[in-house]
Amino acid sequence: MRLCTGLGSPILADASTSPRAWIAHPLQENSHEFRRLMSTLGAARERVALLAGSSSGSGHVSLSVQGTPSGALLRERAAVASSTSAIDAVISQAQAVTSSLSDQRHTLTSVGEKVVSIGARFPVVNSVLNAIRRKKSKDTLVLSGVIAACVLFTLLYLLFK
């Protein structure tokens, strides 16, 4: 027996092996490697198609890939991107409302402080402010009584229904 080297792998050969058998083993190895590389190439092409669809920036799916599985993935990616942008818009609107309410709170706090300081300087204004406070206190008591009565009547209604 003698050692023959094929295309990258040693093959044991004896006198009874034919040239066809001598070539079969490297052919099988190369065929297997070819199939592996083709599957890797196919996966790379799909990845490029998905990335190319998302890099356009428009968020629209091209008409040529709508029936393919990658087209479905592109549509899903576009839907997710649209949802993300809508959420970003809502968050930015909420932040604007928060800052606006904070500004209003500071403004009303400063106005209240100015009214109290004016009331301290002028006794007539102070008596008007005290009358307003008493009226506000009475209104608060009446409103809380009405709310308590409504809750009580609602509970009685639900209890004896």
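- Cluster annotation: Leu159 and Leu152 are assigned to the same hydrophobic cluster (Ile/Leu/Val/Met/Phe/Trp/Tyr, side-chain heavy-atom contacts under 4.5 Å, transitive).
- Hydrophobic clustering (side-chain heavy atoms under 4.5 Å, transitive across Ile, Leu, Val, Met, Phe, Trp, Tyr) groups Ile118 together with Leu129.
- A side-chain donor-acceptor contact under 3.5 Å links Thr109 to the backbone of Arg105.
- Here the CG atom belonging to Leu73 is positioned 8.5 Å from the CD atom belonging to Glu46, to the nearest 0.5 angstrom.
- Here the OG1 atom belonging to Thr98 is positioned 11.5 Å from the CD1 atom belonging to Ile91, to the nearest 0.5 angstrom.
- Considering only heavy atoms from C-beta on, Val80 comes within 4.5 Å of Thr84 through its side chain.
- For Glu33, the salt bridge (charged side-chain N to carboxylate O under 4.0 Å, His left out) partners are Arg36, not counting sequence neighbours.
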**Report entry** Derivation and outcome, side chain to side chain contact (heavy atoms under 4.5 Å, CB included), residues Ile147 and Leu143
**Finding:** CA-CA 6 Å; Ile147 291 173; Leu143 184 62; 4.1 Å; yes
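- Here the CG-SG distance, from Leu155 to Cys150, works out to 11.0 Å after rounding to the nearest 0.5 Å.
- Val115 and Phe122 fall within a single hydrophobic cluster, where Ile, Leu, Val, Met, Phe, Trp and Tyr are joined by side-chain heavy atoms under 4.5 Å apart, directly or via other members.
- Screening Val125, Asn130, Ile132 against Val128 for a side-chain contact (heavy atoms from CB on, under 4.5 Å) leaves a single residue, Ile132.
- A distance of 9.5 Å separates CG of Leu37 from NE2 of His32, quoted to the nearest 0.5 Å.
- Every residue two or more places apart in sequence or in another chain was checked for a side chain to side chain contact (heavy atoms under 4.5 Å, CB included) with Ser137, and none qualifies.
- The CG atom of Asp88 sits 13.0 Å away from atom CD of Gln93, with the distance rounded to the nearest 0.5 Å.
- A donor-acceptor pair under 3.5 Å links the side-chain atoms of Ser144 to the main chain of Thr140, judged by distance alone.
- Checking side-chain atoms of Ser100 against main-chain N and O of Val97 turns up no donor-acceptor pair under 3.5 Å.
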